[in-house]
Colleague: 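Please read through the structure below; I'll follow up with questions.
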Amino acid sequence: QVQLVESGGGLVQPGGSLRLSCAVSGITLDDFTIGWFHQPPGKERQGVSCISSYEDKTYYADSVKGRFTISRDHGKNTVYLQMNNLTHEDTAGYYCTVSKYSGGRYCAVIESEYDKWGQGTQVTVSS
(Lines give C-alpha, C1' and ligand atoms only; values in the text may rest on other atoms or scores of the structure.)
Protein backbone atom coordinates (compact mmCIF):
# COMPACT_ATOMS: atom_id res chain seq x y z
CA GLN A 1 0.00 0.00 0.00
CA VAL A 2 1.44 3.33 -1.08
CA GLN A 3 1.65 6.00 1.60
CA LEU A 4 2.98 9.54 1.44
CA VAL A 5 3.48 11.64 4.57
CA GLU A 6 4.36 15.32 4.32
CA SER A 7 6.01 17.32 7.08
CA GLY A 8 7.92 20.53 7.58
CA GLY A 9 5.22 23.13 7.12
CA GLY A 10 4.66 25.99 9.51
CA LEU A 11 4.52 29.74 9.98
CA VAL A 12 7.36 31.75 8.48
CA GLN A 13 8.00 35.43 7.82
CA PRO A 14 8.29 36.79 4.28
CA GLY A 15 11.78 36.12 2.98
CA GLY A 16 12.16 33.07 5.18
CA SER A 17 12.73 29.44 4.30
CA LEU A 18 11.17 26.06 4.97
CA ARG A 19 12.02 22.54 3.89
CA LEU A 20 9.14 20.21 3.27
CA SER A 21 9.62 16.46 3.39
CA CYS A 22 7.58 13.73 1.73
CA ALA A 23 8.26 10.29 3.16
CA VAL A 24 7.11 7.59 0.76
CA SER A 25 6.47 3.92 1.55
CA GLY A 26 5.03 1.00 -0.36
CA ILE A 27 6.90 1.65 -3.60
CA THR A 28 10.45 1.85 -4.83
CA LEU A 29 10.81 5.60 -4.91
CA ASP A 30 13.38 5.57 -7.71
CA ASP A 31 10.83 4.09 -10.12
CA PHE A 32 8.28 6.88 -9.89
CA THR A 33 7.93 10.60 -10.43
CA ILE A 34 7.07 12.61 -7.32
CA GLY A 35 5.21 15.88 -7.55
CA TRP A 36 4.48 18.73 -5.18
CA PHE A 37 1.24 20.67 -5.51
CA HIS A 38 -0.16 23.45 -3.41
CA GLN A 39 -3.63 24.80 -2.77
CA PRO A 40 -3.76 28.47 -1.75
CA PRO A 41 -6.80 29.63 0.23
CA GLY A 42 -9.86 29.83 -1.99
CA LYS A 43 -8.04 28.51 -5.05
CA GLU A 44 -7.71 25.23 -6.87
CA ARG A 45 -4.77 22.93 -6.37
CA GLN A 46 -1.79 23.93 -8.53
CA GLY A 47 1.39 22.17 -9.55
CA VAL A 48 4.60 23.47 -7.98
CA SER A 49 7.41 21.08 -8.84
CA CYS A 50 8.26 17.49 -9.71
CA ILE A 51 11.22 15.16 -9.95
CA SER A 52 11.27 12.34 -12.47
CA SER A 53 12.13 8.72 -11.90
CA TYR A 54 15.62 7.38 -12.56
CA GLU A 55 17.31 10.52 -13.88
CA ASP A 56 15.88 13.00 -11.37
CA LYS A 57 14.92 15.52 -14.01
CA THR A 58 13.12 18.41 -12.36
CA TYR A 59 10.40 20.88 -13.25
CA TYR A 60 9.32 24.09 -11.50
CA ALA A 61 6.32 26.32 -11.96
CA ASP A 62 7.30 29.83 -13.01
CA SER A 63 6.10 31.25 -9.70
CA VAL A 64 8.70 29.27 -7.72
CA LYS A 65 11.56 28.97 -10.19
CA GLY A 66 14.80 30.12 -8.62
CA ARG A 67 13.37 29.96 -5.09
CA PHE A 68 12.33 26.31 -4.64
CA THR A 69 14.47 23.21 -5.06
CA ILE A 70 13.17 19.65 -5.22
CA SER A 71 15.45 16.75 -4.37
CA ARG A 72 15.28 13.05 -3.63
CA ASP A 73 17.09 11.03 -0.94
CA HIS A 74 17.13 7.55 -2.37
CA GLY A 75 18.28 5.91 0.84
CA LYS A 76 15.53 7.48 2.95
CA ASN A 77 12.76 7.12 0.33
CA THR A 78 12.05 10.80 0.88
CA VAL A 79 11.58 13.76 -1.44
CA TYR A 80 12.26 17.28 -0.23
CA LEU A 81 11.07 20.70 -1.31
CA GLN A 82 13.42 23.44 -0.16
CA MET A 83 11.54 26.74 -0.25
CA ASN A 84 13.51 29.98 0.01
CA ASN A 85 12.57 33.64 -0.13
CA LEU A 86 8.97 32.83 0.70
CA THR A 87 6.23 35.35 -0.04
CA HIS A 88 2.61 35.73 1.06
CA GLU A 89 1.60 34.12 -2.25
CA ASP A 90 3.26 30.87 -1.14
CA THR A 91 0.75 30.46 1.68
CA ALA A 92 -1.04 27.19 0.93
CA GLY A 93 -1.50 23.57 1.83
CA TYR A 94 1.32 21.60 0.21
CA TYR A 95 0.77 18.05 -1.01
CA CYS A 96 3.13 15.47 -2.42
CA THR A 97 1.96 12.86 -4.86
CA VAL A 98 3.29 9.88 -6.80
CA SER A 99 2.84 9.27 -10.51
CA LYS A 100 0.38 6.70 -11.74
CA TYR A 101 3.01 4.91 -13.80
CA SER A 102 6.65 4.10 -13.24
CA GLY A 103 9.44 5.27 -15.48
CA GLY A 104 9.74 8.42 -17.51
CA ARG A 105 12.76 10.62 -18.00
CA TYR A 106 10.89 13.89 -17.53
CA CYS A 107 8.01 15.07 -15.40
CA ALA A 108 5.20 17.59 -15.43
CA VAL A 109 2.82 18.84 -12.77
CA ILE A 110 -0.31 17.64 -14.50
CA GLU A 111 -2.68 16.42 -11.82
CA SER A 112 -4.20 13.65 -13.92
CA GLU A 113 -0.80 11.96 -14.12
CA TYR A 114 -0.73 11.38 -10.35
CA ASP A 115 -2.97 9.29 -8.15
CA LYS A 116 -1.74 8.75 -4.59
CA TRP A 117 -1.60 11.83 -2.35
CA GLY A 118 -0.38 12.69 1.09
CA GLN A 119 -2.51 14.44 3.70
CA GLY A 120 -0.72 17.76 3.17
CA THR A 121 1.23 20.20 5.29
CA GLN A 122 0.27 23.85 5.79
CA VAL A 123 2.66 26.67 4.96
CA THR A 124 1.73 30.14 6.14
CA VAL A 125 3.86 33.14 5.22
CA SER A 126 3.01 36.10 7.39
CA SER A 127 4.72 38.92 9.24
Side-chain angles (χ1 to χ4, degrees):
Q1 183 177 356
V2 180
Q3 287 191 321
L4 302 96
V5 179
E6 302 94 335
S7 61
L11 175 64
V12 63
Q13 292 186 341
S17 298
L18 284 174
R19 188 177 78 158
L20 305 184
S21 299
C22 174
V24 184
S25 60
I27 58 171
T28 301
L29 188 62
D30 294 358
D31 293 343
F32 291 85
T33 288
I34 301 296
W36 281 99
F37 287 70
H38 73 188
Q39 187 165 16
K43 296 185 178 180
E44 294 185 352
R45 192 157 56 188
Q46 305 163 353
V48 174
S49 180
C50 57
I51 186 164
S52 71
S53 58
Y54 304 127
E55 295 189 28
D56 285 355
K57 301 289 188 183
T58 59
Y59 167 86
Y60 299 95
D62 287 343
S63 60
V64 306
K65 204 172 292 183
R67 300 188 298 120
F68 289 13
T69 303
I70 190 170
S71 61
R72 186 198 305 257
D73 186 323
H74 299 271
K76 294 184 178 179
N77 241 36
T78 299
V79 173
Y80 302 100
L81 186 68
Q82 177 67 43
M83 308 188 298
N84 298 328
N85 195 20
L86 287 161
T87 71
H88 294 291
E89 286 68 36
D90 296 316
T91 294
Y94 282 75
Y95 302 86
C96 64
T97 179
V98 63
S99 57
K100 287 181 181 177
Y101 307 108
S102 62
R105 293 183 62 196
Y106 300 96
C107 68
V109 285
I110 300 171
E111 195 164 333
S112 60
E113 296 186 358
Y114 300 87
D115 59 358
K116 296 294 191 292
W117 296 80
Q119 83 290 346
T121 186
Q122 179 66 33
V123 171
T124 301
V125 184
S126 176
S127 53

Colleague: Indicate the atoms forming the closest heavy-atom contact of E44 with Q46, along with that distance.
Modeller: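 For E44 and Q46, the tightest heavy-atom pair comes out as O-CG, 3.3 Å.
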Colleague: C107 and T33: which non-hydrogen atoms are nearest, and at how many Å?
Modeller: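 Taking every non-hydrogen atom into account, CB-CG2, 3.5 Å.
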Colleague: Check this for me: K100, atom NZ, are more than 12 non-hydrogen atoms of other residues, nucleotides or ligands nearer than 6.0 Å?
Modeller: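 Result for NZ/K100: enclosed.
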Colleague: Look only at the side chain of E6 and the backbone of T121, and say whether a donor-acceptor pair between them is shorter than 3.5 Å.
Modeller: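 Here the side-chain-to-backbone pair does not exist.
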Colleague: Would you say S17 and V12 make side-chain contact, with heavy atoms under 4.5 Å?
Modeller: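 They are not in side-chain contact.
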Colleague: Side-chain contact, heavy-atom cut-off 4.5 Å: R67 with Y60?
Modeller: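 Contact flag for R67/Y60 side chains = no.
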Colleague: Can you tell me if R72 uses its side chain to pair, donor with acceptor, with the backbone of I34 under 3.5 Å?
Modeller: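 No, the answer is negative, given that no donor and acceptor are paired below the 3.5 Å cut-off.
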Colleague: Report yes or no: do S53 and D31 form a side-chain donor-acceptor pair below 3.5 Å?
Modeller: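 No, no side-chain donor-acceptor pair sits under 3.5 Å.
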Colleague: So which atom in V125 and which in D90 form the shortest heavy-atom distance, rounded to 0.1 Å?
Modeller: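 Heavy-atom minimum between the residues: CG2-CB, 4.3 Å.
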Colleague: Between Y94 and F68, how do the two ring planes meet: parallel, tilted or perpendicular, split at 30° and 60°?
Modeller: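 If you compare the ring of Y94 with that of F68, the planes turn out tilted.
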Colleague: Using only atom types and a distance under 3.5 Å, with no angle test, would you say the side chain of T87 pairs donor to acceptor with the backbone of E89?
Modeller: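 A pair under 3.5 Å: yes.
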Colleague: Is there a donor-acceptor contact under 3.5 Å from the side chain of T97 to the main chain of K116?
Modeller: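 Side chain of T97 to backbone of K116: a pair is present.
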Colleague: Taking all non-hydrogen atoms of both residues into account, name the closest pair between T78 and K76 and its distance.
Modeller: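 Minimum heavy-atom separation between T78 and K76: OG1-O, 2.9 Å.
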Colleague: Tell me the closest heavy-atom pair linking V5 and Q119, and the distance in Å.
Modeller: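 Closest approach of V5 to Q119, heavy atoms only: CA-OE1, 3.8 Å.
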Colleague: Got V48 and V109 here, is their nearest side-chain heavy-atom distance under 4.5 Å?
Modeller: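 No - every pair of side-chain heavy atoms lies 4.5 Å or more apart.
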Colleague: For atom NZ of K65, is the number of surrounding heavy atoms from other residues, nucleotides or ligands below 6.0 Å larger than 12?
Modeller: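 More than 12 within 6.0 Å, yes.
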